[in-house]
Structures are given as structure tokens and as C-alpha cells.
*Asks:* 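Dumping the structure here so I can ask a few things about it.
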There are 2 protein chains.
Amino acid sequence: MASGGAPTIKEVAKLADVSVGTVSKVLNGTGSISAVVRKRVEDAAQSLGYAPHPSARSLRSGDTKMLGLLVADLSNPFFLQLVEAIEQRASAKGYSVLLYNSNEEPLREKRNLQALAAQRVDGVFVIPTFDPWPGRVVAFSALPCPIVQLDRILEGFDAPSVAIDNRMAGRLAAQHFIDLGHRRIAALTGSTEYQIARHRVEGLRTTMAANGLSFDETLLVQKLHTIDDAAAATFDVMGRKNPPTAIFSGNNHLTLGLLKGLSELELSMPDDVSIAVIDELPWAGMLAGGITTVVQPCGALADAALASILGDIAGSKVGEPRTSGATILQPDLKVRRSTGPVGNR
Amino acid sequence: MASGGAPTIKEVAKLADVSVGTVSKVLNGTGSISAVVRKRVEDAAQSLGYAPHPSARSLRSGDTKMLGLLVADLSNPFFLQLVEAIEQRASAKGYSVLLYNSNEEPLREKRNLQALAAQRVDGVFVIPTFDPWPGRVVAFSALPCPIVQLDRILEGFDAPSVAIDNRMAGRLAAQHFIDLGHRRIAALTGSTEYQIARHRVEGLRTTMAANGLSFDETLLVQKLHTIDDAAAATFDVMGRKNPPTAIFSGNNHLTLGLLKGLSELELSMPDDVSIAVIDELPWAGMLAGGITTVVQPCGALADAALASILGDIAGSKVGEPRTSGATILQPDLKVRRSTGPVGNR
DNA sequence: CTGAAAGCGCTAACAG
DNA sequence: CTGTTAGCGCTTTCAG
């Protein structure tokens with residue numbers, strides 16, 4: 001065995017009896033090369049199993065063909081779907097994905113960002129953690145590459161973003177409930193200090209109002225965080241003398257608590273109460289009939305995010321300013337058997 | 001603004017009024033440097049926000065500080081937990097993780113492997129897809145870096161592996177059932193052409209035998225793949241004149257089908273039937289009482305896998321042969337309320 | 001159309 | 001102890 005490591009462009013050149021420059025041109029399709037030489041080079045590269053050394057390529061060309069993916073919480077099924085969709089599309093475009101999970105820990109997000117910044121990736125997708133850390137927006141802004149925010153949009157961070165119309169998400173659920181005759185609707189939601197939760201609740205409210213209904217504010221349970229929070233809230237509202245006939249859950253996490261609460265109360269859907277939630281729980285199909293869900297178009301979100309990054313990458317070459325538009329896609333209501341007409345009680 | 005790009009070692013050298021070699025030594029802790037110079041260099045690097053260019057570093061040193069993670073199916077909650085555990089540990093050791101999802105598609109695994117091979121990562125974790133593709137073992141063996149197989153072990157692929165004792169997993173479940181008085185035990189399992197499923201069933205069988213019981217082979221439903229397969233199998237066995245009092249599910253996927261089947265049959269656990277399954281479903285807590293589960297020690301698996309890779313990386317420097325031992329860890333039975341004593345029917 | 005050579009940023013040998 | 005220098009493998013002018 002002659003050489004220990006992987007074949008270099010030099011060896012290809014020697015085998016094809018041309019210069020390294022020529023090999024590079026052939027393999028990159030730059031410059032003009034005669035057919036015979038092209039063939040010789042391609043054969044030589046093929047027979048040696050040559051692949052260009054990424055570090056050497058990057059060092060010259062300045063790009064890395066890698067994209068960073070900074071996820072607030074991998075165990076959130078919705079974020080995971082986003083990760084899957086992005087990985088697939090990035091791969092198809094010839095990019096590799098560097099994955100960082102923040103696990104909803106601000107400190108971890110900070111460290112991940114530092115690691116990412118040192119990596120010289122060509123672009124970054126970020127789903128920010130819920131809780132901020134000091135200097136976060138500044139740190140994100142200082143990234144020397146295109147960045148796109150997904151789902152959660154940071155206040156004051158002027159970078160492109162891709163998310164759904166969260167007001168519409170609330171509206172779809174509310175209208176569905178109303179169409180089924182529900183009037184007493186409860187809502188479980190996170191802290192409305194954050195845009196997402198606020199918009200979702202706004203959607204509920206405006207749709208109720210548009211139908212001439214007023215939202216019973218005592219049935220709006222906010223600032224819920226943990227699964228147990230949501231379960232407790234479920235206990236609370238369903239235990240009142242005049243309980244709601246329908247419950248809305250504002251995210252994946254709270255839905256788990258809602259289901260847990262209902263299960264412990266031995267209430268069944270939709271007979272005892274109708275529920276509609278935001279974000280698909282992939283395994284909810286095991287519940288007979290499934291759960292009526294406002295689903296986000298993960299594929300389209302990933303497409304838009306990747307387009308934003310790649311457009312920015314191309315744009316940066318001609319010195320264009322970083323685009324910072326907000327892409328807003330529409331969610332979709334999937335009606336399943338957790339919701340039914342009111343009044344069988 | 002003077003320079004457009006990120007600061008280089010040269011600029012640090014100029015600012016600190018030393019040579020680039022000295023800067024390199026200070027920053028890498030190699031060679032011996034006087035305290036004053038060290039301080040000057042560190043300050044200069046600090047104030048410029050200098051971070052070494054990874055491509056340049058890699059080109060010289062030959063390593064990339066990146067690890068590849070080739071996952072059969074990201075949407076499998078168990079694999080996802082493994083990914084989370086590995087990412088966390090790799091990050092802590094200063095490695096970045098390149099993620100590739102095969103989505104159980106052999107072709108995608110093949111393409112991912114090619115991409116990975118071209119990336120010159122320092123090591124690879126692989127959870128192979130269930131179905132093979134022509135030349136798979138050869139392709140994996142040709143990787144020019146340490147590799148470790150996780151969970152699924154490829155027949156004929158002589159590389160280090162980390163997995164649990166799958167026979168023990170079957171034994172734990174069987175013994176638990178038997179202790180509760182169950183005698184008619186059904187099992188849902190994948191194709192026993194694969195080691196994992198085979199070992200799990202073996203564990204069931206030997207434990208039954210050790211307790212003087214014989215396994216009713218008509219209650220062993222093999223070659224199940226989809227969720228609907230498992231649901232149909234559940235319908236089948238529970239619909240017999242003499243149905244089982246307990247059901248075992250061999251993996252995450254089949255558990256979903258089992259739950260779906262039971263839900264549609266309106267059978268409840270553990271009153272109508274006890275169930276015990278392999279692999280945690282993170283969201284199963286919403287089912288009142290949870291599901292009795294044989295859990296795999298994800299953290300320990302990740303630790304072992306990383307140690308194997310890093311050990312191999314260190315080893316390869318002194319020219320040691322690639323270690324190819326199989327690390328086998330023990331699973332753990334978490335008893336919850338889906339199992340109960342037999343005979344309340 | 002093809003070859004020669006510079007140099008991306010860094011590390012490691014070798015001089016001093 | 002510190003500086004100088006030769007490349008790592010590749011792309012890209014610039015000559016021919």
C-alpha cells in the first residue's frame with residue numbers, strides 16, 4: 001500500500017498526466033477543457049475514489065457547505081419535525097447540518113452559539129430558547145453569516161424570520177368550536193409576554209368577538225409552563241360549577257398536560273369536552289379518533305427558511321444587504337374526533 | 001472599518017507584536033512562553049475576538065473536531081433520545097455533530113454515508129436502517145475514521161458496537177408478567193431476521209421456560225412493521241376465544257399500534273389486559289398511570305459510544321488497531337400502571 | 001486550452 | 001524563549 005490517507009488532487013493530476021489546476025477546472029466545471037483531457041481526469045478521479053478535501057476547499061473558497069441548526073428543544077415534536085424537514089432539504093442541496101440542541105437552557109444556547117460562530121458555517125437556522133440571556137440579540141446579530149429565525153421570533157432582532165400566522169391559528173380553532181355550537185371555551189396558554197402565545201390568544205378573542213361572543217376571561221389560563229401546570233389548570237376549569245364545553249391548548253407541551261388531566265378526571269372526548277390544540281403530536285393517532293389540531297406546514301416552513309438562507313448566501317456575494325423580511329405561512333386545521341357538537345351532556 | 005472578515009492569527013500577532021508562531025504556541029499551550037508575552041498575546045486575541053479558522057486548523061492538523069451521526073429514523077423517540085444524549089456529550093468535549101437522518105430509507109442512508117465520508121469527520125455514530133442496501137457493510141468498513149454502531153448491530157460488520165442486552169429486556173418483561181400471575185402472554189415483534197427482535201423474543205421464551213411455562217406460539221406475532229400491523233395483530237389476539245392476559249411489545253413503533261388497537265377495542269389497562277413494552281414513549285405519561293416499560297440507559301449508551309470513538313481517535317494516533325468490542329449495557333424495568341395482577345376479569 | 005505558482009490561515013519544525 | 005518558514009490541499013489568476 002503506497003499512500004496512507006485519502007487521494008489528493010495531486011495524485012489525480014499525476015495519474016491523468018495533467019496539472020492540478022486542470023484537474024480542479026474539470027472537477028469544478030470552470031474554465032474550458034478539451035474533451036479528451038476531461039475524460040482522462042474524470043477517469044483518474046473515479047479510479048482513485050477522489051473527493052476534494054473539504055477543509056482545503058473551504059480555506060480557499062471561504063464557504064463551508066455547512067449550515068448550523070440551533071434548536072431550542074429537540075424533544076419538542078414540532079421542532080423535531082422542523083429539524084427533519086430542514087436536514088432533508090439541506091442535504092438535497094449539498095449542505096451538511098451541524099446540530100445544536102439548547103434544551104431550553106439559555107446557557108446552553110449561548111455556548112452553542114459560540115461554538116457555531118467559531119465554525120464558520122454558511123448560514124444558521126435558529127429556534128430560540130424561550131428564556132433569554134443577557135446580550136442574546138447582540139450575540140445573534142454578530143454572527144458573520146446569514147441567519148433565519150424559525151417559529152419563535154425574538155423581539156428586537158432584525159433578521160429574517162419564518163413562522164406561521166399565529167393569530168390565524170387561534171382563529172381556526174375558535175371558529176371550529178363556535179361552528180360546533182360551543183360558547184364556553186377555555187384556553188391553556190404560555191406566557192403572553194411572548195408573541196406566539198399572545199397572537200394565538202388574540203386569534204381566539206377576535207373570532208369570538210366576530211361571532212358576537214365574549215370570551216370568558218376566567219377560562220383563559222395563562223403563564224402555563226410545565227405539563228403539570230396544564231394538568232392542574234385542566235382540573236381547575238373542569239371542576240367549576242359551570243365548566244367549559246371546549247378547551248384549546250396553545251402548544252404541544254400544554255396539550256400533554258391537558259390530556260393527562262382529562263385522563264385522570266376520566267373525562268372523554270368529545271362527549272365530556274371537546275379539545276383542539278396547536279401542533280401535531282405524532283403519536284396522538286393512538287387515541288381513538290385522534291385530536292383536532294391546528295397544524296403548521298413544516299415542509300413549507302423549512303423551504304422558506306432554507307430559501308432565506310441560500311438567498312442570503314447568494315446575495316452576500318454581490319454585497320446586497322441582508323434581507324430581513326418576515327415570512328408568514330398559514331396553518332391548517334385538521335378536524336379529528338376530539339371535537340364534536342356541544343350539548344350531549 | 002478596516003478588515004471585512006474575521007481576525008486572523010496574523011492580526012493577533014501584529015497587535016501583540018510577536019510572530020504568528022508565538023501566537024499559535026500560546027493559544028495551543030504548546031512550547032514554552034514567557035509570562036509577559038503570553039499575557040500580551042491572550043489580551044490581543046481577546047480584544048480582537050479571535051477564533052482560529054477551523055478549516056485552516058483542520059488542514060494542518062488533520063482532524064476536524066466534528067463527529068458524524070447517522071440516524072436510521074429521527075422520529076423514533078428512542079433514537080432521538082440517543083441523539084440528544086450524544087449531542088450533549090460531544091458538545092461538552094468540544095466536538096460538533098453533523099446530523100444525517102436516513103428516515104429508514106436505505107438509499108438515503110447510502111447517500112448520507114457518502115456525504116459523511118467526504119466530510120472527513122473524526123468519527124461516526126451509526127444507527128443503521130432496518131433494511132440493508134447492496135454493499136452496505138463494505139461501504140461502512142471503508143470509512144477512514146472510527147465508527148461505532150448503536151442499538152442495531154449489523155451482521156458481518158466488525159466494528160465496535162454499543163447496545164443493551166436484548167435478551168435481558170425480554171426477560172425483565174416476562175418475569176414481571178409471570179410474577180403478576182400471567183400465563184397467557186402475547187408478544188408483538190418485528191422480523192426475527194434481525195438480532196434485536198430475535199434476542200428479545202429469546203428472552204421471553206427462556207424466562208417462561210425457567211418458570212416452567214410454555215410459550216403459546218400462536219400468541220407470538222412476528223414480522224410486524226407498521227403501526228397498523230401491530231393494531232391488527234392486537235385485534236387478532238384479543239379477539240380469540242381464549243385471549244392473552246398480557247401483551248408484550250418489542251419496540252416503540254409496535255407499541256403505538258398496540259395502544260391504538262386497544263383503544264379502538266375499548267379495552268383498558270390493566271383491567272382488561274396488562275401491557276409491557278420496550279423503549280420509553282416520552283409522552284406516555286398522559287395515559288393515566290403510564291406504561292410499564294423496559295427502558296434503555298440512553299446516557300450510558302451515549303457515554304460508551306463516545307468513549308469508543310474518542311478512544312479510537314486517540315488510539316489511531318499511536319497506530320493501534322481499531323477496537324471492535326461490543327459494549328453491552330443492562331436495561332431497566334420501570335413498572336407503571338399498565339400492568340397488574342391477572343384475574344380481575 | 002493547459003501549466004505554473006501564489007496563497008487561503010494555521011501548526012510544527014528548525015534556527016537563532 | 002521567540003522568530004522564520006515550509007507546507008496541509010485546493011482554487012484561481014496569469015502566462016504561455
Side-chain angles (χ1 to χ4, degrees), chain A residues 3-42 44-45 48-66 94 117-122 144 317, chain B residues 3-42 44-45 48-66 94 117-122 144 317:
Chain A
S3 70
T8 72
I9 199 173
K10 225 166 169 177
E11 303 174 37
V12 178
K14 198 190 300 171
L15 184 58
D17 198 34
V18 293
S19 73
V20 292
T22 303
V23 175
S24 177
K25 280 167 207 152
V26 170
L27 265 32
N28 291 298
T30 54
S32 42
I33 303 288
S34 73
V36 277
V37 170
R38 153 164 294 119
K39 178 93 173 72
R40 270 218 317 278
V41 169
E42 282 167 349
L48 288 175
Y50 170 78
H53 194 298
S55 299
R57 225 209 85 260
S58 293
L59 188 54
R60 273 298 321 205
S61 62
D63 60 7
T64 57
K65 288 286 183 185
M66 298 194 303
Q119 284 293 342
R120 310 288 212 276
V121 292
D122 292 346
K317 284 185 182 161
Chain B
S3 71
T8 71
I9 199 173
K10 226 167 169 175
E11 303 175 36
V12 178
K14 199 190 300 172
L15 183 59
D17 197 37
V18 294
S19 72
V20 292
T22 303
V23 175
S24 177
K25 280 167 207 150
V26 169
L27 265 32
N28 292 297
T30 54
S32 42
I33 304 288
S34 73
V36 276
V37 170
R38 151 164 295 119
K39 178 91 172 72
R40 271 218 317 278
V41 170
E42 282 167 349
L48 288 174
Y50 170 79
H53 195 299
S55 300
R57 225 209 85 260
S58 292
L59 188 54
R60 271 297 324 206
S61 62
D63 60 9
T64 57
K65 287 287 182 185
M66 297 195 304
Q119 285 291 344
R120 311 288 212 276
V121 293
D122 292 346
K317 285 185 183 159

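Naming convention: chains lettered A, B, ... in sequence-line order (proteins, then strands); numbering from 1 in each chain.
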*Asks:* Which whole-number value in Å describes the distance from A/Asn28 CG to D/dC10 P?
*Replies:*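 So the CG-P distance, A/Asn28 to D/dC10, works out to 10 Å.
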
*Asks:* Ignoring the backbone of A/Ile33, work out which of C/dT2, D/dT2, D/dG9 is nearest its side chain.
*Replies:* C/dT2

*Asks:* Could you check how far CD of A/Glu11 sits from C1' of D/dC10, rounded to whole Å?
*Replies:* 14 Å

*Asks:* C/dC8, C/dC10, D/dT12: which one has an atom nearest the side-chain heavy atoms of A/Ser24?
*Replies:*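 Ranking C/dC8, C/dC10, D/dT12 by closest atom to the A/Ser24 side chain puts D/dT12 first.
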
*Asks:* Restricting to non-hydrogen atoms, name the atom on B/Ser55 and the atom on A/Ser58 that form the minimum distance, rounded to 0.1 Å.
*Replies:*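 Looking at all heavy atoms of both residues, the shortest contact is OG-CB, 3.2 Å.
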
*Asks:* Find which nucleotide of DNA chain D each of A/Val23 and B/Arg38 is nearest to by heavy atoms, and output the residue with the more 5' nucleotide.
*Replies:* B/Arg38

*Asks:* Counting just side-chain N and O atoms, does B/Ser32 come under 4.0 Å of either OP1 or OP2 of D/dC1?
*Replies:*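 For B/Ser32, the contact criterion (side-chain N or O under 4.0 Å from OP1 or OP2 of D/dC1) is met.
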
*Asks:* Which nucleotide in the list D/dG7, C/dC8, D/dC10 gets nearest to the side chain of B/Arg60?
*Replies:*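 It is D/dG7.
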
*Asks:* Compare all side-chain heavy atoms of B/Val26 with those of B/Glu42 and state whether any distance is below 4.5 angstrom.
*Replies:*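 A side-chain contact under 4.5 Å exists here.
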
*Asks:* Taking the nucleotide of DNA chain C with the closest heavy atom to each, which residue, B/Leu59 or B/Thr30, is nearer the 5' end?
*Replies:* B/Leu59

*Asks:* Distance check needed: D/dG3 C1' versus B/Lys10 NZ, whole Å only.
*Replies:* 15 Å

*Asks:* How many Å lie between NZ on A/Lys39 and P on C/dC1, as a whole number?
*Replies:* 19 Å

*Asks:* Whole-Å distance between C/dG3 C1' and A/Asp17 CG?
*Replies:* 12 Å

*Asks:* For the side chain of B/Val18, counting heavy atoms from C-beta on, which of C/dA4, D/dC1, D/dG3 is nearest?
*Replies:*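 Comparing C/dA4, D/dC1, D/dG3 against the side chain of B/Val18, the answer is D/dG3.
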
*Asks:* Could you check whether any side-chain heavy atom of A/Lys65 comes within less than 4.5 Å of a side-chain heavy atom of A/Pro54, counting everything from C-beta outward?
*Replies:* no

*Asks:* When you measure from the side chain of B/Lys25, which nucleotide among D/dC10, D/dT2, D/dT13 comes out closest?
*Replies:*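 Selected nucleotide (nearest to the side chain): D/dT2.
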
*Asks:* Counting only side-chain N and O atoms of A/Ser55, is one of them less than 4.0 Å from OP1 or OP2 of D/dG9?
*Replies:*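 For D/dG9, neither OP1 nor OP2 has a side-chain N or O of A/Ser55 closer than 4.0 Å.
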
*Asks:* If you compare all heavy atoms of B/Val12 against all heavy atoms of B/Val23, which two are closest, and at what distance to 0.1 Å?
*Replies:* CG1-CG1, 3.9 Å

*Asks:* Separation of A/Ile9 atom CD1 from C/dA4 atom C1', in whole Å?
*Replies:*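 Interatomic distance, CD1 of A/Ile9 to C1' of C/dA4: 14 Å.
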
*Asks:* What is the separation between atom OH on A/Tyr50 and atom C1' on D/dG9, rounded to the nearest whole Å?
*Replies:* 7 Å

*Asks:* In whole angstroms, how far is the C1' atom of C/dC10 from the NE2 atom of B/His53?
*Replies:*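 It works out to 10 Å between those atoms.
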
*Asks:* Which nucleotide in the set C/dT11, C/dG9, D/dT12 lies at the smallest distance from any side-chain heavy atom of B/Arg57?
*Replies:*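 The answer is C/dT11, which lies nearest to the side chain.
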
*Asks:* With A/Val41, which of A/Val18, A/Leu15, A/Val36 fulfils side-chain contact (heavy atoms from CB on, under 4.5 Å)?
*Replies:*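 Considering A/Val18, A/Leu15, A/Val36, a side-chain contact (heavy atoms from CB on, under 4.5 Å) with A/Val41 is found only for A/Val18.
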
*Asks:* According to a strict under-4.0 Å criterion, is A/Thr22 in side-chain N/O contact with OP1 or OP2 of C/dG3?
*Replies:*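 Answer is yes, contact under 4.0 Å.
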
*Asks:* On DNA chain D, does the nearest nucleotide to B/Arg120 precede the nearest nucleotide to B/Val37 from the 5' side, or the other way round? Give the residue.
*Replies:* B/Val37

